[in-house]
Participant: 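Attaching a single structure in structure tokens format; questions to follow.
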Amino acid sequence: MDYRRFLGSRTGALLAALTAAIVLMAAPAAVHGAGRTETHADSRLEIFSWWTAGGEAEGLAAMFELFAEKHPSVQLINAAVAGGAGTNAKTVLDTRMRGGNPPDSFQVHAGHELIDAWVVSGKMEPITFIFRDNGWLNAFPKDLIEIISYKGEIYSVPVNIHRSNVLWYNKKIFSEAGLPPPTSFDQLVKVCDALAARGVTPIALGDNGIWASMHLLENVLLATMGPSRYKGLWTGATPWDGGELRTALSRFATLLRYVNTDHATLSWDGAAQYVIDGKCAMTVMGDWAEGYFKAKGLSPNKEFGWVPFPGTKGTFMMLSDSFGLPRGAPDRDAAVKWLTVAASREGQDAFNPKKGSIPSRTDCDRTLYDAYLQSAMDSFRTDTIVPSVTHGAAAAEGWVTRIQDVVAGFVCDLDVEKAASKLVSAARGYTR
Ligand code: GAL
């Protein structure tokens with residue numbers, strides 16, 4: 001398998017955080033005590049993430065349960081900070097890391113987000129030994145290992161692979177309207193018009209953290225430019241000032257006319273819920289939406305269907321969630337145990353079917369995964385792989401923030417020329 005299709009080169013503060021809620025979701029006793037008699041904890045383990053929504057919370061809980069079975073004397077503390085894509089969590093993490101108060105292990109996207117923000121600055125411990133000691137150096141795709149490595153050492157455990165170029169749709173609405181799921185941009189617009197004429201809001205968007213709009217834009221960019229030119233945006237091979245950027249922005253503006261009017265106050269999972277409830281017909285979201293649908297009792301191909309975002313068939317826009325070991329982790333031994341469970345086949349097979357992602361290991365048990373996830377596994381094997389920029393894989397965090405700011409303005413004024421020139425200047429300094 002050729003995994004060198006993955007990512008761009010490693011070129012390379014967030015929106016002001018809203019109130020960040022530290023959520024102690026699973027009471028430590030409930031987690032570590034499942035079916036056990038231990039009443040005291042030998043050590044503790046604080047795991048930091050932003051997984052609090054349906055699907056992602058269940059995936060994390062499944063991994064916690066497995067950890068608790070294996071290490072019943074460790075008190076697990078779920079320090080998840082609510083807010084999709086880490087909008088709030090990243091700010092809290094930044095403050096904690098700067099203040100010398102790291103959690104024992106934290107969620108971080110593989111690629112630029114991990115390396116540029118934390119590894120290069122010397123904030124992380126190398127964890128190659130976990131892979132080597134367990135004989136797992138070859139259990140992960142070579143190119144995935146590459147983007148979590150720096151100067152020959154591995155710095156995180158990738159727990160999954162997510163696909164970000166997916167359009168999810170309500171099957172009942174589509175069948176009642178006699179509409180096929182769209183496969184090209186023009187078809188998407190036709191379908192939107194047909195749905196709007198029936199009084200259904202075509203696209204659910206929940207961009208209260210603005211990233212969901214950027215997520216939509218990265219999909220439109222990919223559909224408009226194709227995989228190799230899209231990928232080139234992040235390496236400097238594709239100039240930002242070409243006509244394709246303006247075409248993509250105009251298309252993005254077109255789609256924004258079909259979204260729910262309350263999108264700015266809605267979260268990504270709120271948007272997914274609109275599709276479940278039939279308030280909207282489609283949503284463009286990573287496959288954590290699949291985890292959400294399933295957590296709400298829906299089944300793939302039954303209540304909901306999916307297609308690659310129209311115009312992106314044959315391309316898999318990827319990102320990977322990973323966990324690392326910060327220097328000065330207060331409970332280092334427990335953190336190493338956590339990372340070992342997260343990297344194990346058992347850990348990945350417990351987590352991913354619920355999370356709505358495919359395992360990052362290449363040797364997991366396919367039969368545990370549903371029809372959607374099996375289709376994602378197949379696409380991951382055969383498609384062209386490109387990195388998601390919204391979710392930390394394609395570009396440095398500073399650049400991502402600048403793009404996100406441009407998107408925030410664009411969603412309000414739909415000014416293509418203004419956004420294009422701001423995106424061109426945002427790219428300066430990050431592309432060579
Ligand atoms: C992404 C993350 C996913 C999912 C999503 C929504 O950035 O990689 O695992 O959690 O945010 O919160």
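For ligands, and for the atoms within them, numbers begin at 1 and follow the listed sequence. Positions are given from 1, in the same order as the sequence printed here.
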Participant: Below 4.0 angstrom from a heavy atom of Trp268, which ligand 1 atoms are there? Numbered from 1 as shown, please.
Facilitator: 6 (C), 12 (O)

Participant: May I ask which of His215, Lys355, His391 has a heavy atom nearer to atom 3 (C) of ligand 1 than the others do?
Facilitator: Lys355

Participant: Looking at Arg345 and Asp365, does any basic side-chain N land under 4.0 Å from a carboxylate oxygen?
Facilitator: no

Participant: Give the numbers and elements of all ligand 1 atoms closer than 4.0 Å to a heavy atom of Gly84.
Facilitator: 12 (O)

Participant: Check this for me, if you would: do Arg381 and Asp378 make a salt bridge, where the nitrogen-to-carboxylate-oxygen distance has to be below 4.0 angstrom?
Facilitator: yes

Participant: Ignoring hydrogens, just give me the one of Asp321, Val159, Thr390 whose non-hydrogen atom is nearest atom 9 (O) of ligand 1.
Facilitator: Asp321

Participant: Give a yes or no on whether Lys354 atom NZ has more than 12 heavy-atom contacts from other residues, nucleotides or ligands under 6.0 Å away.
Facilitator: no

Participant: With a 4.5 Å heavy-atom cut-off, do Tyr155 and Ser149 have their side chains touching?
Facilitator: no

Participant: Are any of the N/O atoms on Ala85, whether in the backbone or the side chain, positioned under 3.5 angstrom from an N/O atom of ligand 1?
Facilitator: yes

Participant: Indicate the atoms forming the closest heavy-atom contact of Ile203 with Cys192, along with that distance.
Facilitator: CD1-SG, 4.0 Å

Participant: Checking a contact table here: which protein heavy atom is nearest atom 4 (C) of ligand 1, and how many Å away?
Facilitator: Glu56 OE1, 3.4 Å

Participant: Checking the side chain of Trp338 only, and the main-chain atoms of Phe67 only, is there a donor and an acceptor separated by less than 3.5 Å?
Facilitator: no

Participant: Using a strict cut-off of 4.0 Å, indicate which atoms of ligand 1 neighbour a heavy atom of His109.
Facilitator: 1 (C), 2 (C), 7 (O), 8 (O)

Participant: Measuring from atom OG of Ser357 to atom CZ of Phe351, what distance do you get when rounded to the nearest 0.5 angstrom?
Facilitator: 5.0 Å

Participant: Are any of the N/O atoms on Trp288, whether in the backbone or the side chain, positioned under 3.5 angstrom from an N/O atom of ligand 1?
Facilitator: no

Participant: Quick check on contacts: which atoms of ligand 1 are under 4.0 angstrom from a heavy atom of Leu319?
Facilitator: 8 (O)

